[in-house]
Amino acid sequence: MIKNHIIMIVNAVVLIVLGVYGYFTSGSPTALIAPAIGLILFVLSFPTKKENNTAAHIAVALTLIASIAFIVIGFRRGNAMVIGMGIFTFVCFDLYVLNFILRKKQRELNKNVQ
C-alpha cells in the first residue's frame, strides 16, 4: 500500500498545479485556494512521514473538507476542473482512511502474535 505521506505529496502537487493553471486561465484569485491547501498538505507530509499522528489527522481532516468544498463549488459553477480536483482529493482521503485501517489491523495482529 502507498504510504500516507506519498499520497499527500501527490495530492498537493495536483492541487498546486491545477490551481495555478486555473488562476492563469481565469484570473480569479479564488483559484489560489487549491494551491494554498496543496502547500499545507505538502508541509504536513513531512511530519506524517515521521509518524506524527497529529499532523496526519489534520491533513486527513483538511483533505475531507477540501474535497467536499471542491465538489460542491465545482457543481455550483459548472467547472469540471474543480470537480476533478474534488474527486481526486476525495480518492486521496479514501486511501488515507484505508491505510489507517490496514495499519491498525497490522498492529493488532502483531500484538496477538507476541
Side-chain angles (χ1 to χ4, degrees):
M1 193 79 197
I2 302 171
K3 297 193 180 225
N4 279 348
H5 71 280
I6 301 294
I7 297 168
M8 276 183 214
I9 291 171
V10 170
N11 191 16
V13 169
V14 167
L15 291 176
I16 291 168
V17 169
L18 291 179
V20 169
Y21 173 77
Y23 174 74
F24 285 118
T25 58
S26 71
S28 174
T30 59
L32 296 175
I33 293 171
I37 292 171
L39 185 62
I40 293 168
L41 289 176
F42 185 77
V43 169
L44 287 173
S45 70
F46 295 107
T48 299
K49 181 179 181 181
K50 296 178 182 177
E51 302 295 325
N52 184 327
N53 291 335
T54 304
H57 286 92
I58 291 170
V60 169
L62 178 62
T63 302
L64 177 62
I65 293 167
S67 67
I68 293 169
F70 290 149
I71 291 170
V72 169
I73 291 168
F75 276 114
R76 281 189 175 174
R77 294 184 179 173
N79 190 330
M81 188 170 71
V82 176
I83 295 169
M85 283 192 299
I87 292 170
F88 185 82
T89 304
F90 190 75
V91 168
C92 290
F93 169 76
D94 290 340
L95 291 174
Y96 296 151
V97 173
L98 182 63
N99 272 341
F100 285 139
I101 291 169
L102 291 175
R103 289 177 64 198
K104 183 176 181 178
K105 285 184 180 182
Q106 188 63 37
R107 279 194 308 267
E108 289 174 0
L109 286 174
N110 289 342
K111 191 183 281 186
N112 290 335
V113 170
Q114 294 176 355

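Computation of the quantities below employed the complete heavy-atom set of this structure, encompassing side-chain atoms and omitting hydrogens, waters and symmetry-equivalent molecules.
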* **Nearest-0.5 Å distance that lies between atom CG in Asn4 and atom SG in Cys92** => 10.0 Å
* Please test Phe90 against Leu64 for side chain to side chain contact (heavy atoms under 4.5 Å, CB included), starting from the C-alpha separation and ending with a verdict. => CA-CA 6 Å; Phe90 190 75; Leu64 177 62; 4.1 Å; yes
* To do: Give, for atom CD1 of Ile33 and atom CE of Met85, the distance between the pair rounded to the nearest 0.5 Å.
  => 9.5 Å
* Asked: Honestly curious: do Ile40 and Leu18 fall in one hydrophobic cluster under the side-chain, below-4.5 Å linking rule?
  -> yes
* Can you check whether Tyr96 and Phe93 have ring centres sitting under 6.0 Å from each other? -> no
* To do: Might you point out which heavy atoms bring Ser45 and Ile9 nearest each other, and give the distance in Å?
  => OG-CG1, 3.4 Å
* Determine whether Gln106 and Leu102 make a side-chain contact, defined as any pair of heavy atoms from C-beta on separated by less than 4.5 Å. => no
* Asked: Which atom pair, heavy atoms only, marks the closest approach of Ala12 to Leu41?
  -> CB-CB, 4.2 Å
* Asked: Rounded to the nearest 0.5 Å, how far does CD1 of Ile7 lie from CG of Leu95?
  -> 4.5 Å
* **Crowding at CZ, Phe100 (>12 non-hydrogen neighbours, <6.0 Å)** => yes
* Hey, quick one: are Ile83 and Tyr23 part of the same hydrophobic cluster, counting side-chain heavy atoms closer than 4.5 Å, chains of contacts allowed? -> no
* Asked: Under a single-linkage definition using a 4.5 Å side-chain heavy-atom cutoff for Ile, Leu, Val, Met, Phe, Trp and Tyr, are Ile6 and Phe42 assigned to the same hydrophobic cluster?
  -> no
* Asked: Which distance, rounded to the nearest 0.5 Å, do you find between the CG of Asn11 and the OG1 of Thr89?
  -> 4.0 Å
* **Test item: Asn99 side-chain N/O and Ile2 main-chain N/O as donor-acceptor pair under 3.5 Å** => yes
* Joint hydrophobic cluster, Leu62 plus Leu15, side-chain heavy atoms closer than 4.5 Å -> yes
* Any idea which heavy atoms bring Met81 and Tyr21 closest together, and the distance? -> SD-CD2, 3.7 Å
* Closest heavy-atom contact between Thr48 and Leu44? -> OG1-O, 2.8 Å
* Should Val60 and Ile68 be counted in the same cluster of Ile, Leu, Val, Met, Phe, Trp and Tyr side chains packed under 4.5 Å apart? -> yes
* **Closest approach of Val14 to Phe88 (non-hydrogen atoms, all atoms of both residues)** => CG2-CE2, 3.7 Å
* Structure fact -> All heavy atoms of Met8 vs all of Ala59, minimum pair found to be CE-CB, 3.4 Å
